[in-house]
2 protein chains.
Amino acid sequence: MSSNGSRAWSAMIDLIQSQKKWLGERVSEYGLTPQLFHGLDVLAETRGATMSEFAEDMFCDASNATGIVDRLVKRGLVLREASDKDRRVKVVRLTPAGARLQKRVRARLEQEAPPPIAKLSAADHRALRDIIHRALAHVEAARIEEAG
Amino acid sequence: MSSNGSRAWSAMIDLIQSQKKWLGERVSEYGLTPQLFHGLDVLAETRGATMSEFAEDMFCDASNATGIVDRLVKRGLVLREASDKDRRVKVVRLTPAGARLQKRVRARLEQEAPPPIAKLSAADHRALRDIIHRALAHVEAARIEEAG
DNA sequence: TATTGTTATACTCTATAACTATA
DNA sequence: TATAGTTATAGAGTATAACAATA
């Protein structure tokens, strides 16, 4: 494992992989996959999203979003309702059960950092947390810019 | 997007998702998926791994590793050979074409940081790179400990 | 008996293209 | 014509269990 700094981003793929596995093991206890939990997590930050908005928030294809929402609806975690204003549009939001589950799983995940991260120092934890938040703020900003 | 620091790890899932999509778009130009590229990347750091070692390095199930190696072999990027010492064991390693492709794709990826990360300051870049390397060092250490 | 790796199964995720129904 | 969403299709990733060959 070279530490000459030349492979920061491909190294990150290793972390991604190990964390997705870790996440999958955690959320499967609740009958969820990483993607389905991510769907709940995304919807928890809205008061109802269109399918297009949901797909964009999920960084996934529209056809893919349909499948994910199908599975969440089947589990009773999400409602998909026709919009009054534009009958092409579907609005998706959490059911009470979905909101409860999202809170429970998220609380559970926050108790324990993913394995490679968990071993870092407290200072690294804080630094990483701050960097993640700044990175996500850029995602938000880019979206607002696109929309506006 | 709260920045009260209470959701560092579930926030990371957002980053993971967006980066996987970004990665998929990059590597698909080379006929690869994120997983297949990760396979090449993992094998580039060995002189031949058993299927078990490969699965462990990939953080994936053994049955899954079989499928990944199957696809890499079919593309001529990887060889899977029987071991002389233990006839149960298969040894997997890159072909010259696989090694070339791994170098080319990795060089390409290093040219450009994934989108949310790319917007961060140079100082954040450096900090993040260092944290990633320390985290991966812990993964390595844990493996050596397990093995020994 | 235990271990290495594969196969069988079932489901999920992903992307593209074609389609329906609105606008 | 354009847009919102779905369906069809095909491939890929995932986990569990059962299995064959070998140790």
Side-chain angles (χ1 to χ4, degrees), chain A residues 13 16-40 42 48-75 77-78 80-92, chain B residues 13 16-40 42 48-75 77-78 80-92:
Chain A
I13 299 164
I16 287 173
Q17 185 64 16
S18 65
Q19 281 171 31
K20 203 138 192 181
K21 185 163 171 62
W22 173 86
L23 178 65
E25 289 165 357
R26 294 300 167 290
V27 300
S28 72
E29 295 175 27
Y30 303 90
L32 296 173
T33 63
Q35 254 331 49
L36 294 187
F37 170 63
H38 190 207
L40 296 182
V42 156
T50 67
M51 287 302 294
S52 309
E53 289 165 351
F54 178 71
E56 189 175 84
D57 287 352
M58 291 288 287
F59 290 99
C60 78
D61 192 81
S63 66
N64 203 349
T66 296
I68 290 166
V69 170
D70 283 350
R71 291 189 281 281
L72 289 171
V73 167
K74 198 161 63 180
R75 285 164 171 79
L77 302 172
V78 155
R80 171 161 44 189
E81 297 165 325
S83 161
D84 290 339
K85 298 169 190 167
D86 183 337
R87 291 174 60 198
R88 292 173 303 181
V89 172
K90 303 285 173 63
V91 177
V92 188
Chain B
I13 298 164
I16 287 173
Q17 185 65 14
S18 65
Q19 282 172 29
K20 202 137 194 183
K21 184 164 172 63
W22 172 85
L23 177 65
E25 289 164 356
R26 295 299 168 291
V27 300
S28 72
E29 295 176 26
Y30 303 89
L32 295 173
T33 63
Q35 249 339 42
L36 294 188
F37 169 64
H38 189 208
L40 295 183
V42 156
T50 67
M51 288 301 295
S52 309
E53 289 164 351
F54 178 71
E56 187 175 87
D57 288 352
M58 290 288 286
F59 291 98
C60 79
D61 193 82
S63 66
N64 204 349
T66 295
I68 290 167
V69 169
D70 283 349
R71 291 189 280 283
L72 290 171
V73 167
K74 200 162 63 181
R75 285 164 172 81
L77 302 172
V78 155
R80 172 161 43 189
E81 296 164 326
S83 162
D84 289 338
K85 297 170 192 167
D86 182 337
R87 292 174 61 198
R88 291 173 304 181
V89 171
K90 302 286 172 64
V91 176
V92 188

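Basis for what follows: all heavy atoms, side chains included, without hydrogens, waters or symmetry-related copies.
For DNA chain C, the outermost nucleotides in 5' to 3' order that have an atom under 4.0 Å from a heavy atom of chain A are C/dT12 to C/dA23.
The separation between B/K21 atom NZ and D/dA12 atom P is 17 Å, rounded to whole Å. If you take CE of B/M51 and C1' of D/dA21, they are 16 Å apart, rounded to a whole angstrom. Distance, B/I68 CD1 to D/dA15 C1': 13 Å, rounded to whole Å. For the pair A/R71 CZ and D/dT14 C1', the interatomic distance rounds to 13 Å; values are reported in whole Å. The interatomic distance linking B/N64 (CG) with D/dA17 (C1') rounds to 15 Å, in whole Å. A/D61 places its CG atom 12 Å from the P atom of D/dT6, with the value rounded to the nearest Å. Per the geometry, CG belonging to B/L72 stands 11 Å off P belonging to D/dA12, to the nearest Å. Atom CD of A/E56 and atom P of D/dA4 are 11 Å apart (whole Å).
In terms of heavy-atom proximity, A/V78 sits nearest to A/V69 at CG1-CG1, 4.3 Å. A pairwise comparison of heavy atoms in A/V91 and A/S83 identifies CG2-CB, 4.2 Å as the closest pair. The minimum heavy-atom distance linking B/A62 with B/A55 is given by the pair CA-CB, 4.1 Å. Contact between A/P34 and A/V27 at its shortest, heavy atoms only, is N-CG2, 3.8 Å. In plain terms, the two heavy atoms of A/L32 and A/L36 that are nearest each other are CD2-CB, 4.1 Å.
Taking side-chain N and O atoms only, A/Q35 has no distance below 4.0 Å to OP1 or OP2 of D/dG13. Within the structure, a side-chain polar atom (N or O) of B/R75 is placed less than 4.0 Å from OP1 or OP2 of D/dA12. Between B/R87 and D/dT22 there is a side-chain N or O to OP1 or OP2 distance below 4.0 Å.
How far CG of B/D61 is from NZ of A/K21: 6.5 Å, rounded to the nearest 0.5 Å. Taking NZ of B/K74 as the start and CZ of B/R71 as the end, the distance is 8.0 Å to the nearest 0.5 Å.
In this structure, B/G67 and A/K90 both approach DNA chain D, and ranking their closest nucleotides by distance from the 5' end singles out A/K90. Nearer the 5' end of DNA chain C, as judged by each residue's closest nucleotide, is the contact made by A/L36, out of A/L36 and A/A62. Taking the nucleotide of DNA chain D with the nearest heavy atom to each of A/D86 and A/G24, the more 5' of the two is matched to A/D86.
Ranking D/dT6, D/dT22, D/dA4 by closeness to the A/V89 side chain, first place goes to D/dA4.
Here B/S63 lies in heavy-atom contact (under 4.0 Å) with a base.
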